[in-house]
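One structure is given below, encoded as structure tokens.
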There are 2 protein chains.
Amino acid sequence: MGPTIRDVARLAGVSKSTVSRVLNGDPNVAEETRNAVIAAIKEIRYTPNALARGLNTRKTGTIGLIISDITNPFHAEVARGVEDLASDFDSNVILCNTDGRPKKEAAYIDLLVEKRVDGIIFTSVKTDESDMTNLRSRRIPFVFAGRTLPDVEADSVVVDNILGGFQATNHLLRLGHQRIAYLAGPSHVSASMDRYEGYCQALRRAGIEPDPQLVIEGDFKQEGGYRAMSALLDRSLGITAVFAANDYMAMGALEAIYERGLRVPEDIAVVGFDDIPFARLHLVQLTTVAQPKYDIGAIAARMLFERIDGKAQDEPSRRVVLPPRLVIRRTCGEYLGQRDFAEPNRPSRAAEPPVGTT
Amino acid sequence: MGPTIRDVARLAGVSKSTVSRVLNGDPNVAEETRNAVIAAIKEIRYTPNALARGLNTRKTGTIGLIISDITNPFHAEVARGVEDLASDFDSNVILCNTDGRPKKEAAYIDLLVEKRVDGIIFTSVKTDESDMTNLRSRRIPFVFAGRTLPDVEADSVVVDNILGGFQATNHLLRLGHQRIAYLAGPSHVSASMDRYEGYCQALRRAGIEPDPQLVIEGDFKQEGGYRAMSALLDRSLGITAVFAANDYMAMGALEAIYERGLRVPEDIAVVGFDDIPFARLHLVQLTTVAQPKYDIGAIAARMLFERIDGKAQDEPSRRVVLPPRLVIRRTCGEYLGQRDFAEPNRPSRAAEPPVGTT
DNA sequence: AATGCGTTCGGGACCGGTCCCAGGAAGGAT
DNA sequence: ATCCTTCCTGGGACCGGTCCCGAACGCATT
């Protein structure tokens with residue numbers, strides 16, 4: 001179909017080896033021949049075939065991104081970080097929406113292996129170690145971004161969810177709240193459990209024993225937050241504040257609160273987690289714990305490329321823990337006192353300094 | 001590295017041709033040999049190499065998606081539609097964020113050509129025909145989703161922006177508004193101009209001559225909407241309603257309005273365009289013109305695959321125009337009267353019926 | 001003059017598949 | 001018995017590159 005390297009060679013009066021050399025910037029090519037080749041390339045509008053090249057270099061310049069749903073602003077931001085960094089490394093990213101379905105995820109992994117991607121970034125992880133054996137045996141590197149699988153040995157970059165939960169809860173405590181509810185995510189998601197852990201630590205540090213009645217499970221969605229908050233409100237437990245496991249649930253909670261004619265933050269204070277764009281809205285102004293979403297993606301991609309380029313070939317897996325950041329807006333009332341973001345008690349972990357981004 | 005088709009052949013005691021046959025579901029293979037081959041494939045965990053296959057079938061099972069920014073919820077939704085449909089066609093999509101930069105876009109096009117993608121979907125289009133010649137000469141099909149280039153002959157799927165602008169403005173008129181401002185997008189974007197056209201038609205139909213003073217250009221972003229609305233308010237032009245070219249600008253407008261202590265919709269009514277997720281929020285409840293975002297992506301992908309599969313090989317380019325839908329929420333006040341969504345006057349276009357989706 | 005080294009280049013095997021072509025076996029028709 | 005089909009299978013060219021190997025040449029060294 002299109003012109004091949006042979007056509008260029010013929011036109012330039014050289015062998016295809018030589019064309020290949022100038023294509024790959026080999027210095028051992030006479031200036032004159034190089035120019036002839038370049039001229040020929042331009043003349044017939046030659047574009048190298050990445051398939052053929054990838055076939056024997058075993059590098060495709062493509063990575064896979066497995067994500068639950070790109071429509072989710074949190075994931076979109078992570079994806080953006082991944083894509084930007086891939087672009088810096090002259091790579092492309094193949095987008096895979098799994099909706100959290102293990103079957104779809106497994107199918108995508110197979111496809112990506114067929115395409116011989118250089119590596120994979122997992123954002124949504126419902127699969128277990130067994131699905132990774134294929135990647136392992138083919139030495140296709142992969143890293144987890146945002147979430148981790150406890151029993152899978154692999155690079156990962158996550159936010160410090162325990163610390164985040166601690167910050168959110170501590171903020172509420174400082175404002176004088178005592179009865180603080182926790183709107184949890186699904187219990188099998190480590191992020192939600194870690195945030196809960198931070199919540200408990202903050203409470204205990206303030207001399208308050210966590211009350212199981214004040215914890216209710218949701219699904220990380222607005223609807224779930226709405227239902228959970230409504231249920232909590234119905235029981236009249238004397239709640240004055242609520243910490244939602246993510247912003248979507250906080251949104252649902254707000255809705256439930258307003259629906260009952262209660263005011264935020266006067267009657268009930270609300271703090272979320274993630275800092276998705278809507279939280280910033282003038283009309284919402286949600287106080288929340290921000291995750292460095294873009295950086296999560298960018299750092300994950302950077303780690304992946306370090307594996308791909310062989311720099312970190314056989315090093316043990318690394319775990320980058322990024323700090324969350326409490327963003328104080330309106331839903332908790334103004335807090336102007338001294339900030340206290342002391343680290344919660346927990347086993348010290350050797351967190352490498354975050355890899356720089358961009 | 002990994003096992004190849006030859007390894008399978010050796011183990012199964014057949015030739016690689018035969019293995020290839022069972023791989024591709026050729027019926028002319030004896031049941032017995034087929035089983036032997038399948039067993040061998042399983043035993044050595046063989047995964048076909050899509051690069052090698054693509055090299056001579058000239059099909060990669062990959063399409064490119066060129067988008068300005070996946071972080072934008074409108075684009076994310078379109079992307080989701082594209083990806084879902086690609087998945088149905090056993091294809092992958094390569095995500096390309098261009099931020100609207102022509103250079104980045106051109107670079108991505110080159111990359112996608114090198115990777116020999118089966119086709120490309122353009123969402124953001126800043127480039128002109130010249131950039132498409134490469135695609136044309138290589139017969140790589142492409143379709144535009146959401147936006148079009150007037151002078152480029154290609155398949156496209158867009159929403160009827162004129163009608164949408166008409167609906168939004170007409171809604172405001174029916175509610176009794178006379179001084180209606182238009183917060184435009186960048187003037188080189190056809191979508192914004194078309195919405196303006198619909199705005200003018202609705203006004204004229206109501207016997208009102210559009211007042212240039214009431215039109216102000218923004219950038220499709222919240223910040224731009226805020227500034228534009230502020231400027232408008234400062235001039236005290238007697239505005240009672242505003243139609244923003246998209247929801248982001250409407251958000252900015254709301255902010256400007258609230259900041260001045262004005263009420264929505266009592267003092268000023270607001271209607272947007274797009275219906276991005278935030279518009280639905282209880283706290284916002286933006287009346288807006290909804291675009292079938294997902295369908296735009298899905299239909300575009302379907303059209304692309306029709307070209308790829310050769311079904312629509314050499315047919316003239318098609319243009320699918322999808323209807324917008326006015327979603328009445330709170331920012332204009334309740335409108336309970338009879339709906340009148342008459343088509344505005346404009347050159348009749350032979351709009352094919354939308355291709356069905358999923 | 002013989003040797004050695006560096007630069008420049010061409011030849012051709014190879015990456016891992018697809019697919020065309022030919023050939024053998026089996027079975028039916030003549 | 002011969003011929004023709006049909007079904008199944010193997011051989012090998014080919015897709016479009018990369019990269020190893022070795023040849024040719026110029027020039028300095030001994």
Side-chain angles (χ1 to χ4, degrees), chain A residues 1-38 40-41 44-62 110-111 113-118 138-140, chain B residues 1-38 40-41 44-62 110-111 113-118 138-140:
Chain A
M1 206 67 173
T4 76
I5 200 170
R6 261 165 266 260
D7 299 323
V8 176
R10 199 172 309 133
L11 184 60
V14 298
S15 75
K16 64 192 166 76
S17 304
T18 301
V19 178
S20 177
R21 283 189 190 98
V22 343
L23 244 27
N24 294 299
D26 187 320
N28 285 343
V29 177
E31 201 52 30
E32 199 180 353
T33 32
R34 178 186 308 277
N35 289 334
V37 169
I38 291 175
I41 287 175
I44 58 176
R45 293 240 181 78
Y46 166 74
T47 311
N49 184 324
L51 295 177
R53 187 189 317 143
L55 191 53
N56 46 19
T57 59
R58 286 137 201 298
K59 279 275 173 72
T60 54
T62 307
D110 283 347
L111 252 173
V113 171
E114 284 195 15
K115 300 247 163 101
R116 299 298 192 262
V117 293
D118 296 333
R138 295 187 172 272
R139 318 211 72 206
I140 296 177
Chain B
M1 206 67 172
T4 78
I5 201 171
R6 263 165 263 260
D7 299 324
V8 176
R10 199 172 308 133
L11 184 60
V14 298
S15 75
K16 64 194 166 73
S17 303
T18 301
V19 177
S20 177
R21 283 190 190 95
V22 342
L23 244 27
N24 294 300
D26 186 322
N28 283 344
V29 177
E31 200 54 30
E32 199 180 353
T33 32
R34 179 185 307 276
N35 289 335
V37 169
I38 291 175
I41 287 175
I44 59 175
R45 293 240 180 79
Y46 167 74
T47 310
N49 184 323
L51 295 177
R53 188 189 316 143
L55 191 53
N56 47 17
T57 59
R58 285 136 202 297
K59 278 274 173 73
T60 53
T62 307
D110 284 346
L111 251 173
V113 172
E114 284 194 14
K115 299 248 162 97
R116 299 297 192 261
V117 292
D118 296 334
R138 295 188 171 273
R139 316 211 74 204
I140 297 178

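Sequence lines set the chain letters: A, B, ... in the order given, protein chains first and strands last, and positions in each chain run from 1.
When rounded to the nearest whole Å, the span between CD of A:E31 and P of C:dT8 equals 10 Å. What separates CG of B:L23 from P of C:dT18 is a distance of 6 Å, to the nearest Å. Straight-line distance from the CG atom of A:N28 to the C1' atom of D:dC19: 14 Å, rounded to whole Å. As rounded to whole Å, 14 Å separates atom P of C:dG17 from atom CG of A:N56. If you take NZ of A:K115 and C1' of C:dG16, they are 17 Å apart, rounded to a whole angstrom. A straight line from CZ of A:R6 to P of C:dG11 spans 12 Å, rounded to a whole angstrom. Put simply, NZ on B:K59 is 14 Å from C1' on C:dT18, counting in whole angstrom units. Put simply, CD1 on A:I5 is 15 Å from P on C:dC9, counting in whole angstrom units.
Judged by closest nucleotide on DNA chain C, A:S15 is the one of B:R21 and A:S15 placed further toward the 5' end. Each of B:V14 and B:L55 has a nearest nucleotide on DNA chain D; the 5'-most of these lies closest to B:V14.
Put simply, A:R53 has no side-chain N or O that comes within less than 4.0 Å of OP1 or OP2 on D:dC19. Side-chain nitrogen and oxygen atoms of B:T33 include at least one within less than 4.0 Å of the OP1 or OP2 phosphate oxygen of D:dT9. Of the side-chain N and O atoms in B:R116, none sit less than 4.0 angstrom from OP1 or OP2 of D:dC15. Distances shorter than 4.0 Å separate some side-chain N or O of B:N24 from OP1 or OP2 on C:dT18. Not one side-chain nitrogen or oxygen of B:T57 sits closer than 4.0 Å to the OP1 or OP2 atom of C:dT18.
Partners of A:R45 by salt bridge (charged side-chain N to carboxylate O under 4.0 Å, His left out), not counting sequence neighbours: none found.
Two residues are said to be in side-chain contact when any heavy atoms from C-beta on lie closer than 4.5 Å; A:I5 and A:L23 meet this criterion. Annotation: side chain of A:N49 is in contact with side chain of B:R116 (closest heavy-atom distance under 4.5 Å).
The base of C:dG11 lies outside donor-acceptor range of the side chain of A:K16, with no N or O pair under 3.5 Å. Put simply, the side chain of A:S17 and the base of C:dG11 share a donor and an acceptor less than 3.5 Å apart.
The residue B:T18 sits close only to the backbone: its heavy atoms come under 4.0 Å of sugar-phosphate atoms, none of a base. Backbone-only contact: A:N49 has heavy atoms under 4.0 Å from sugar-phosphate atoms and none from a base.
Between the side chains of A:K115 and B:T62, at least one donor N or O sits under 3.5 Å from an acceptor N or O. Defined by atom type and a distance below 3.5 Å, a donor-acceptor pair is present between the side-chain atoms of A:T47 and B:R138.
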